Amino acid sequence: MLAVLAASSVVSWFWLLLPCFIWLVIAVAGSGLVQSGYHIKTLYKKKGATVKEIAITFDDGPTPETEKVLELLSRYNAKATFFCIGSQIEKYPEVLQKTLNEGHTVGNHTYSHSTKLSLFPVNKTVEDITLTDSFIIKYSNKKPLLFRPPFGVTSPRIAKALRLTGHYVIGWNVRSLDAVTEDETKIFNRIKRGIAPGSIILLHDTSQKTVNVLEQLLLLLQQQGYKAVTVDALLDIPAYEK
Ligand SMILES: [Zn+2]
């Protein structure tokens, strides 16, 4: 009798906990995938695009590698979007200025690029984002409206902060993994598979290997008749406040 009771209570606990477990799985997956738009609307590609336009985006600069990226983009007559970290702008302000002068779009990628951003109180996240805005304003005279969350991670707190700062959240649908692997062929092939009208490609202007891959990518886009444009041009949204 006792055994039956114990067994039935195990079963009822199971049914009681099942919805909690499902919610947890959805919440964890939603937080990790910027594409899912679970906490806040994220723009990660141009839906239904038929024109051969593509947006290449670079995170984590400016760095000395950014200059090599700029040189390649200019050679192939391509435009790109750079999601800059505030603390990097402090180190390389002249690189940021050059990026802006050459007609590329600059977006906000936080000041701290902290792995703990999801845990920051809302006002601390707002401060972090606003500080980076102020650096970009200093060199462009315009408030940037595009934001990319570090590591593509959002949370209810980050979403709340972004509703206060009023940025568009920009994700990607082609992840190159250039921050994970050293294998340039692997990185290039991964991007190649994702090339389609309206795609947004994620790269990092932080290493020579990405510069090497970029040259191959720009050549391929040229051969396939694609035009590399800024994210705002691709999505037809403003990059800066008027
Ligand atoms: Zn980043």
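Just so we're clear, the structure is a prediction, and the values are computed from it rather than from any experiment. Heavy atoms only: backbone and side chains are in, while hydrogens, waters and symmetry mates are out.
In K227, the NZ atom is not crowded: 12 or fewer heavy atoms of neighbouring residues, nucleotides or ligands sit closer than 6.0 Å. With a 6.0 Å radius and a threshold of 12 heavy atoms from other residues, nucleotides or ligands, K186 has its NZ atom at or below the threshold.
Between H167 and D133, the side chains place a donor N or O and an acceptor N or O closer than 3.5 Å (distance only, hydrogens not considered). Residues K192 and Q216 have side chains that never bring a donor and an acceptor to within less than 3.5 angstrom of each other. Side chain to side chain, N101 and Q97 meet the donor-acceptor criterion of an N or O pair below 3.5 Å. A donor-acceptor contact closer than 3.5 angstrom is absent between the side chains of T206 and D60. Using modelled atom types and a 3.5 Å distance limit, the side chains of R148 and T57 yield a donor-acceptor pair. In this model, a donor atom of one side chain and an acceptor atom of the other lie less than 3.5 Å apart for T230 and D232.
I200 is not listed as a side-chain neighbour of I54, based on a closest heavy-atom distance of 4.5 Å or more. Side-chain contact between I89 and P62: present, with at least one pair of heavy atoms (C-beta onward) separated by less than 4.5 Å. Counting heavy atoms from C-beta outward, L177 and I187 have side chains that stay 4.5 Å or more apart. In this structure, I85 and Y111 have side chains that are not in contact, with every pair of non-hydrogen atoms separated by 4.5 Å or more.
Pairs of residues two or more places apart, or lying in two chains, that qualify as ring-ring contact (aromatic ring centres under 6.0 Å, His included) and include a residue from residues 62-107 are F58-F82, F82-H104.
Side-chain atoms of T132 do not come within 3.5 Å of backbone N or O of N108 as any donor-acceptor pair. Using a distance-only test at 3.5 Å, with no hydrogens or angles considered, a donor-acceptor pair links the side chain of K52 to the main chain of Q224. A donor-acceptor distance shorter than 3.5 angstrom exists from the side chain of T63 to the backbone of D205, with no hydrogens or angles considered.
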Tell me, with the steps shown, if E67 and V95 meet side chain to side chain contact (heavy atoms under 4.5 Å, CB included). CA-CA 7 Å; E67 302 217 49; V95 180; 3.9 Å; yes
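No cation-pi contact links K138 to F135, judged by a cut-off of 6.0 Å to the six-membered ring centre and 45° from its axis.
In summary, K209 and E182 engage in a salt bridge, as defined by a charged side-chain N under 4.0 Å from a carboxylate O.
For D178, the side chain to side chain donor-acceptor pair (under 3.5 Å) criterion is met by S176, H204, T210, not counting sequence neighbours. Looking at residues two or more places apart in sequence or on another chain, you find a salt bridge (charged side-chain N to carboxylate O under 4.0 Å, His left out) between E71 and R75.
Of all heavy-atom pairs spanning R190 and V174, the tightest one is O-CG1, 4.3 Å.
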